[in-house]
4 protein chains.
Amino acid sequence: MVLYQMLAGHPHVDGVDLYGHNLTEPVALASAVPQFVGATDVVLQPYSEQVVMAQDDVVFFATSAGVTRTAAVPYITAGFPMIDLSGDLRLKQPDLYTQWYHKPAAAKQILAQTHYGLSDLQSSAGMAAIANPGCYATATLLGLAPLVQSGLIMTDSIIVDAKSGTSGAGKHPGELTHFSQANENLQVYKVNQHQHIPEILQQLQVWDQSIAAIQFNTTLLPITRGLMSTIYARVWPDVTAAAIDEAFTSTFADVAGVRYTGDRLPNLKEVVGTDYCDVGAVFNPTTGMVMVVSVIDNLIKGAGGQAIQNMNQMFGFPEMAGEPVNVILP
Amino acid sequence: MVLYQMLAGHPHVDGVDLYGHNLTEPVALASAVPQFVGATDVVLQPYSEQVVMAQDDVVFFATSAGVTRTAAVPYITAGFPMIDLSGDLRLKQPDLYTQWYHKPAAAKQILAQTHYGLSDLQSSAGMAAIANPGCYATATLLGLAPLVQSGLIMTDSIIVDAKSGTSGAGKHPGELTHFSQANENLQVYKVNQHQHIPEILQQLQVWDQSIAAIQFNTTLLPITRGLMSTIYARVWPDVTAAAIDEAFTSTFADVAGVRYTGDRLPNLKEVVGTDYCDVGAVFNPTTGMVMVVSVIDNLIKGAGGQAIQNMNQMFGFPEMAGEPVNVILP
Amino acid sequence: MVLYQMLAGHPHVDGVDLYGHNLTEPVALASAVPQFVGATDVVLQPYSEQVVMAQDDVVFFATSAGVTRTAAVPYITAGFPMIDLSGDLRLKQPDLYTQWYHKPAAAKQILAQTHYGLSDLQSSAGMAAIANPGCYATATLLGLAPLVQSGLIMTDSIIVDAKSGTSGAGKHPGELTHFSQANENLQVYKVNQHQHIPEILQQLQVWDQSIAAIQFNTTLLPITRGLMSTIYARVWPDVTAAAIDEAFTSTFADVAGVRYTGDRLPNLKEVVGTDYCDVGAVFNPTTGMVMVVSVIDNLIKGAGGQAIQNMNQMFGFPEMAGEPVNVILP
Amino acid sequence: MVLYQMLAGHPHVDGVDLYGHNLTEPVALASAVPQFVGATDVVLQPYSEQVVMAQDDVVFFATSAGVTRTAAVPYITAGFPMIDLSGDLRLKQPDLYTQWYHKPAAAKQILAQTHYGLSDLQSSAGMAAIANPGCYATATLLGLAPLVQSGLIMTDSIIVDAKSGTSGAGKHPGELTHFSQANENLQVYKVNQHQHIPEILQQLQVWDQSIAAIQFNTTLLPITRGLMSTIYARVWPDVTAAAIDEAFTSTFADVAGVRYTGDRLPNLKEVVGTDYCDVGAVFNPTTGMVMVVSVIDNLIKGAGGQAIQNMNQMFGFPEMAGEPVNVILP
């Protein structure tokens with residue numbers, strides 16, 4: 001829905017067609033989502049790849065794991081612009097996907113043709129098939145990139161304590177997200193099992209092959225929107241606070257969707273409702289460690305907002321076109 | 001669980017046996033509820049009324065609607081002390097039960113033998129079978145009693161805007177109580193259909209037969225614990241603020257479980273974690289209406305805490321014995 | 001800030017100048033509000049009415065009570081478009097303002113020249129000076145309008161149980177809004193003293209002179225954004241559910257900013273992040289009362305969003321131009 | 001207040017006297033705290049050490065930093081039982097106190113006579129002067145003790161990502177704890193400056209002198225009660241999951257106030273409302289790191305509850321006597 005709203009308001013998008021995989025006949029969006037009553041008469045159509053290819057210029061998949069493994073193939077084969085928000089096409093090695101997702105993987109050559117669209121650091125310009133990064137992966141990779149790319153940290157020392165609101169868990173009620181359970185609570189989940197671990201590692205290894213593993217932990221916050229990755233790593237001897245600051249400053253100097261806040265660490269309210277990733281970093285000379293705090297709106301930068309950035313890059317639109325105005329703050 | 005904890009800590013209770021209707025073999029409480037690990041080695045037993053009657057002095061039912069209609073019968077017939085926390089035995093007329101609960105009702109003579117245990121206003125001393133009041137009914141009836149019993153208000157003018165936290169909805173996840181839906185939200189539910197409406201009305205009519213109906217509304221709050229009934233009614237001409245104050249003061253003068261706060265209106269934090277109902281009342285001379293705010297902890301005064309008050313009265317223990325110390329406030 | 005963001009993204013607004021009453025020299029907006037770092041290089045200027053009149057086409061005041069009483073005078077005198085978001089210019093009678101705001105009032109002829117901009121029901125087209133309605137007043141008046149204008153309800157029977165999130169209380173910490181106090185709580189405040197009471201009454205009397213008073217209560221919710229007015233009133237004998245439905249349907253048939261949801265009562269999530277007021281109504285034949293639930297985002301429809309609607313009407317822009325896309329829902 | 005409530009309900013405590021440092025005449029507790037109306041007629045007395053020593057058997061200080069530095073001296077000198085909940089007497093080196101608290105420190109010999117009352121690991125039996133540990137220090141030290149005491153981890157690898165609810169910040173409103181700011185947010189604060197850092201380090205060094213520093217971070221949660229320390233450390237080569245499990249099991253085998261949950265990581269709801277510290281630990285063979293999750297109620301185990309444990313040990317009462325029954329869970 002957030003993705004639809006952003007596309008519907010995008011200055012370079014003429015129209016948005018909505019399709020439902022399980023629909024057999026059209027359904028008015030407003031009948032499914034009360035918020036849209038009066039605001040739109042858009043109708044969800046039964047999904048058909050023939051119709052999509054005939055009517056649309058790009059297709060977004062906001063489907064569960066296991067769908068685009070096959071559903072994306074015709075688009076990729078045809079070179080039709082495709083952006084997949086699921087995890088199906090992110091991992092280059094099929095067996096890794098099966099290990100972490102417990103499902104059959106897409107074919108290796110399909111994975112090879114898909115670009116990992118971490119849009120702020122590796123542009124999707126010129127690409128046709130995009131795997132849109134996961135929410136935890138986005139915040140964590142943007143927070144780690146300057147340190148890893150500059151070789152400032154010991155590569156076996158990376159620890160990520162990540163926290164997310166419940167909207168990342170989707171719309172279906174469950175035990176962890178039952179209000180009486182989640183409210184006024186903090187719950188660690190998927191210990192050492194989160195499927196974003198191999199995704200993060202794969203990209204870190206693109207930047208530095210010597211990184212063999214990361215310690216990565218996820219905690220469910222008693223909030224709806226927002227995600228924070230708190231990152232710890234040991235710097236090499238003689239690395240200074242100034243060198244760290246320089247690495248972040250230069251990495252994000254020309255990056256539209258990341259704001260480096262220096263040693264003032266950002267909080268969630270600064271980014272919820274926007275497509276920004278805010279990143280701050282503090283060096284602790286006593287311990288020789290650097291702490292990075294990287295925050296995003298998990299449903300915007302961590303999903304639909306970054307998907308739009310990828311589309312903007314594919315089609316040559318201004319990088320942040322159509323990204324939402326933040327009207328959340330009081 | 002709250003009931004169990006209070007009973008386990010009750011100074012006049014020697015032991016608590018726990019039974020599960022659906023159990024076929026014993027289960028350690030701590031294996032079901034992590035909070036009790038180390039704190040107790042109590043075991044839940046398969047339910048058997050023979051065992052209960054042989055081993056225990058009183059039985060509490062904390063079951064869903066539809067169970068005690070039959071399960072309570074042997075105890076009531078035998079005159080064995082029984083306190084039912086479900087709604088099955090509250091309404092004296094079987095057809096009313098069926099109309100509001102959409103289930104078969106208990107037999108009329110069983111209902112006739114059950115005392116409606118609104119413990120602060122009608123003692124359970126000398127009673128054997130108790131229907132413990134519903135949470136909304138408790139807060140609303142305690143807030144209305146002084147006005148109705150003193151004849152200060154027009155009997156067709158009662159409006160109750162009641163609000164409750166999600167714990168009243170139980171432990172099972174549902175759409176209304178999904179965190180992403182309930183958090184930062186306010187949801188009206190069961191409009192004019194809440195099963196506490198006939199329960200409240202039945203008791204009001206005990207106090208004043210001329211009351212034919214009440215306007216009663218329930219709203220789900222984005223909190224776990226706590227319930228507020230905001231009550232509006234029109235007073236008869238010439239009724240003064242002093243008369244209203246006098247009605248509340250005298251009604252609650254010797255009532256252990258209700259605290260009248262005068263025209264300072266109480267908030268939820270003042271009662272959550274306690275068995276108190278706090279009640280404040282403000283007369284508005286401009287409109288001729290009185291507003292009453294009545295707050296309780298829905299799981300204590302609105303359930304297990306009042307059940308213990310009823311037990312205390314049945315057995316002649318001090319009225320508030322075993323009621324929890326409030327350790328919730330910062 | 002919400003107002004600024006909406007204006008900055010408005011399709012018919014070319015530029016936005018920000019002024020601070022207390023500034024003696026320019027300050028970068030981003031230095032005051034971290035969210036704007038990188039997103040804007042806008043600078044707050046020291047306020048000067050000469051500069052405003054020379055450079056701008058319309059002025060918005062988002063000031064505390066007591067400022068526009070004098071500050072708005074030059075604009076009103078000059079016929080320069082002015083929209084005041086404070087309460088200073090809403091009440092037509094100076095003594096009423098002084099009684100409820102405990103401050104000196106604006107001059108009577110200034111008040112007489114100001115239009116009460118309840119934009120969905122009385123257009124600001126052709127007006128120059130606008131008093132933008134209060135948040136509680138907006139939700140309450142939109143919920144009551146169909147009933148009052150159609151003469152369906154007894155005019156002395158109106159009761160409003162209104163609830164609002166903490167953002168309505170502004171940015172300055174206080175006891176009621178201290179997190180440990182407000183969280184998991186519900187607090188009634190300003191009992192029979194809320195300054196929106198005379199504002200609501202004044203407008204109701206425009207629609208029906210016989211309305212002498214309303215019972216109106218405000219409760220602080222443990223959420224940041226969102227406001228619900230739950231309205232109760234007794235209908236005249238023989239008024240049917242169909243007549244009530246017809247009144248709401250016809251009143252809001254051509255109103256851009258209000259969505260009538262019939263007897264499905266709206267919740268806060270449906271409107272937070274938008275400029276919509278959603279209104280539902282349910283007739284209770286047992287009590288002869290109608291219950292209306294009216295919900296808004298207190299910072300958008302209840303403040304800046306309605307101010308923009310007023311501007312749109314003044315300047316002939318499309319009614320909902322520049323109103324935010326709702327990106328809050330998961 | 002939580003401390004008072006627990007003492008008032010303690011089975012081995014006959015009476016509780018309350019004193020206020022700034023009082024010049026007695027004040028009824030119920031007049032200051034509405035929750036106590038009707039529940040107690042206790043009166044706060046102006047503080048006088050003569051009266052305390054004459055009337056009471058033990059004194060608790062729940063004062064701000066800077067008070068007990070001098071106020072505790074007469075009791076310590078006299079050997080009168082004293083438990084200080086402030087940070088004044090925790091650090092053995094005066095200059096360290098001054099460095100982290102920015103205040104004058106207590107005299108070195110006073111500090112030397114004070115026992116650091118981490119009650120679950122170093123008993124206060126036989127002690128007269130107790131410095132009750134800080135909330136973060138308690139959770140962190142209990143989580144680290146088995147690893148450090150058993151020598152399983154590399155001593156320069158300790159990283160603590162700690163999170164706490166707002167009640168730790170006290171009753172006075174501030175910017176960080178303003179509801180509109182704290183709600184739906186996550187805020188890192190006191191980066192590398194938290195005064196519990198030297199307190200934790202001092203105790204770790206008691207267990208292993210080679211520990212020179214820890215990386216310790218604090219984040220403010222949008223909840224009222226509860227504290228989680230997520231601890232990461234690198235184990236020595238060849239350390240196994242079984243060895244880690246054995247260390248925790250044996251350390252806490254006879255400890256009344258700590259529950260080891262194995263590799264099931266505890267959440268806040270399991271301990272809020274209790275004096276338990278729940279600790280779980282998971283070894284990650286891929287990274288060679290162990291993650292420990294340690295949770296407490298910051299106002300009970302992290303303050304008053306541990307103070308009572310210390311009193312129980314001093315006076316030979318049962319270890320967990322008077323600790324609250326958890327009635328918070330739904």
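Naming: A, B, ... by sequence-line order, numbering from 1 per chain. Any value given below was found using the heavy atoms of this structure, including those in side chains, with hydrogens, waters and symmetry copies removed.
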| Spatial distance of atom CG (A:Asn267) from atom CD (D:Glu184) [nearest 0.5 Å] | 12.5 Å
| field | A:Leu186, part contacting chain D, at a heavy-atom distance under 4.5 Å | value | both
| remark: Whatever's closer than 4.5 Å to a heavy atom in chain D on A:Asn192 counts as side chain
| request: Step through the shown structure and confirm whether more than 12 heavy atoms of other residues, nucleotides or ligands are within 6.0 Å of CD on A:Gln99. | output: yes
| said: So which residue, A:Ile159, A:Val282, A:Thr286, A:Leu265, ends up with the most heavy-atom pairs under 4.5 Å with chain D? | reply: A:Ile159
| task | Please confirm whether the backbone N or O of A:Gln187 pairs with a side-chain atom of D:Lys269, one donor and one acceptor, at under 3.5 Å? | result | no
| task | Can you tell which part of A:Asp263 gets under 4.5 Å to a heavy atom of chain D, answering side chain, backbone, both or neither? | result | neither
What pairs of donor and acceptor atoms, side-chain ones from residues 140-147 of chain D against any protein atom, are under 3.5 angstrom apart with sequence neighbours left out?
from     : atom 1 : to       : atom 2 : distance (Å)
D:Thr140 : OG1    : D:Tyr136 : O      : 2.7
D:Thr140 : OG1    : D:Ser229 : OG     : 2.8

| Most heavy-atom pairs under 4.5 angstrom with chain D, which of A:Gly288, A:Pro222, A:Gly226? | A:Pro222
| Student check: side-chain heavy atoms of D:Lys163 and A:Asp161 closer than 4.5 Å | yes
| Using a cut-off of under 4.5 Å for heavy-atom pairs, which of D:Leu268, D:Ile223, D:Asn185, D:Thr230 has the most such pairs with chain A? | D:Asn185
| Top of A:Thr219, A:Leu221, A:Ile158, A:Val293 for chain D proximity - count of heavy-atom pairs under 4.5 angstrom | A:Leu221
| task | Anything in residues 196-216 of chain D with a heavy-atom distance to chain A below 4.5 Å? Please list those residues in order. | result | D:Ala213, D:Ile214, D:Gln215
| note | From the list A:Thr287, A:Val188, A:Val295, the residue making the most non-hydrogen contacts under 4.5 Å with chain D is A:Thr287
